[in-house]
There are 2 protein chains.
Amino acid sequence: MGVTKTEVFTDKQNRIADLAKALAHPARIAIIQHLLKEKSCVCGDLVEVLPLAQATVSQHLKELKQIGILHGEINPPRVCYCINETVWQEAKAIFGEIFETEVAVNCCK
Amino acid sequence: MGVTKTEVFTDKQNRIADLAKALAHPARIAIIQHLLKEKSCVCGDLVEVLPLAQATVSQHLKELKQIGILHGEINPPRVCYCINETVWQEAKAIFGEIFETEVAVNCCK
DNA sequence: AATATCTATCGTATTATTGCAATAAATAAA
DNA sequence: TTTATTTATTGCAATAATACGATAGATATT
C-alpha cells in the first residue's frame, strides 16, 4: 500500500491536502517567503540563499510549480520563479475557510 | 538521503512545515473538518465516517495529536478527540501571516 | 470470571520523499 | 566554434509515509 486513497475523499479535501503538502517542507517555506518579500526571483539567487544543493533546490521549485503556486519564466540563461497570484489566492481562501470555522462545542468542553 | 535538513532552517520555518505536513493528507483534513463542525468527537465515530481501517484512522489521529492540533480525552471505553484551540489558533496565525503578505513585485511582473 | 467493546500498537508491504553528484541541455560570450 | 553560465534531469541511496491485518490493553457488562 503506501499510497494515499485519494479516491475516497472529496476533490476539495484532496486539493487542500495537496496544497498543504507543497508547504510541508521548510525549504519550500523559505522559497515562498523569499519570493513574497524579495524582488529577486532568479533560480540562482534561491540556490545561494538556501543551504541545499542546486539539484535539490531545483526539485523543490519543480514541486511548487507543479502544484501551481509558482510559475517559471525563462529568461535565458536564467529562469525567474514567481508566485502565481491566482493559485496563491486560492490557497489563501481555502486555508482561510478552514481556520475561520468556529470550533464546535463537543464532549471535551 | 531522504531526511529533511531541518537544522539549516529557522524554528519558525520548520514549525510551519510541520503544521502543513499535518494537514497534508485528505484523511486528516476530513478528521479536522469533522471535529470542527460536528459535536461528536469519539474516535469510533471518525472510524465510521472515514473509509479507512480503524488502525489507519488511529494512526492519523496520533499524528494530529503529536503535532498538537488535537488532544485526546479518555472516556472509557471510548476516546474523545478534540481540536486543541491553542494550537489551532497558532496555526491560524502562522498561515495567516504568510497569506496576508503582499506579494512583492519582481522581474516577472 | 468470562465476554464484549473500543482504541492503540506492532509488523509488514508498498510507495513517496529527500538529498546530492553527475550529467545533460540551452543559451550567451569569447 | 569553443567556453562559460545557468538550470533541469537522471540515477541512486536512505528515510518517511500510507495502509491494514492481527493483536494487545483497558474497561464495562454479563
Side-chain angles (χ1 to χ4, degrees), chain A residues 1-9 13-14 17-31 35 40-67 70-82 107-108, chain B residues 1-9 13-14 17-31 35 40-67 70-82 107-108:
Chain A
M1 312 33 289
V3 63
T4 299
K5 293 175 75 177
T6 54
E7 70 282 0
V8 299
F9 298 102
Q13 286 168 337
N14 283 309
D18 284 343
L19 285 168
K21 193 181 290 180
L23 304 179
H25 193 289
R28 294 195 289 272
I29 293 295
I31 288 171
L35 294 182
S40 95
C41 61
V42 176
C43 176
D45 293 348
L46 291 164
V47 173
E48 278 183 23
V49 169
L50 297 173
L52 295 172
Q54 181 268 327
T56 308
V57 174
S58 187
Q59 192 178 308
H60 284 302
L61 287 169
K62 187 181 176 183
E63 284 177 59
L64 289 169
K65 199 174 162 186
Q66 194 137 14
I67 197 74
L70 300 187
H71 65 264
E73 190 175 287
I74 296 171
N75 208 334
R78 296 161 216 285
V79 176
C80 173
Y81 278 102
C82 304
C107 49
C108 298
Chain B
M1 292 140 192
V3 63
T4 298
K5 294 175 74 177
T6 54
E7 69 282 0
V8 298
F9 298 101
Q13 285 167 338
N14 283 309
D18 284 343
L19 285 168
K21 193 181 291 180
L23 303 179
H25 193 290
R28 295 196 289 272
I29 294 294
I31 288 171
L35 294 182
S40 95
C41 61
V42 176
C43 176
D45 293 347
L46 291 165
V47 172
E48 279 182 22
V49 169
L50 297 174
L52 296 172
Q54 182 267 326
T56 308
V57 174
S58 187
Q59 193 177 307
H60 283 303
L61 287 168
K62 186 181 176 184
E63 284 177 58
L64 289 170
K65 199 174 162 185
Q66 194 136 14
I67 198 74
L70 300 187
H71 64 265
E73 190 174 287
I74 296 171
N75 207 336
R78 296 162 216 284
V79 176
C80 174
Y81 278 102
C82 305
C107 50
C108 298

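Numbered from 1 within each chain, the chains take letters A, B, ... in sequence-line order.
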Suppose we screen for salt bridge (charged side-chain N to carboxylate O under 4.0 Å, His left out). Which residues come up paired with A/E63, at least two apart in sequence or across chains?
A/R28
Counting any heavy atom closer than 4.0 Å, what does A/L52 reach on the DNA or RNA strands: base, sugar-phosphate only, or nothing?
sugar-phosphate
When rounded to whole Å, the CG to P distance for the pair A/D45 and D/dT7 reads 8 Å
What is the ring orientation for A/H60 with A/H25, classed by angle as parallel under 30°, tilted 30 to 60°, or perpendicular over 60°?
tilted
Does C/dC6 have its OP1 or OP2 closer than 4.0 Å to a side-chain nitrogen or oxygen of B/Y81?
no
Heavy-atom protein contacts under 4.0 Å, nucleotides 21-30 of chain D, coded B base, S sugar-phosphate only, - none
BB----S---
Between C/dC6, C/dA16, D/dT18, which one does the side chain of A/V3 approach most closely?
C/dA16
Whole-Å distance, A/N75 CG to D/dT5 C1', equals 14 Å
Nearest whole angstrom, please: distance from the P of C/dT15 to the NZ of A/K21.
15 Å
Where the side chain of B/Q59 is defined as all heavy atoms beyond and including C-beta, which of D/dC20, C/dG19, C/dT7 is the nearest nucleotide?
D/dC20
Can you identify which nucleotide, out of C/dT18, D/dT18, D/dT9, has its nearest atom closest to the A/K62 side chain?
D/dT9
Answer with base, sugar-phosphate or nothing: what part of the nucleic acid does B/V47 contact at a heavy-atom distance below 4.0 Å?
nothing
Contact nearer the 5' end of DNA chain C, comparing A/P51 with B/V79
B/V79
For A/S58, which contact category applies under a 4.0 Å heavy-atom criterion: base, sugar-phosphate, or nothing?
base
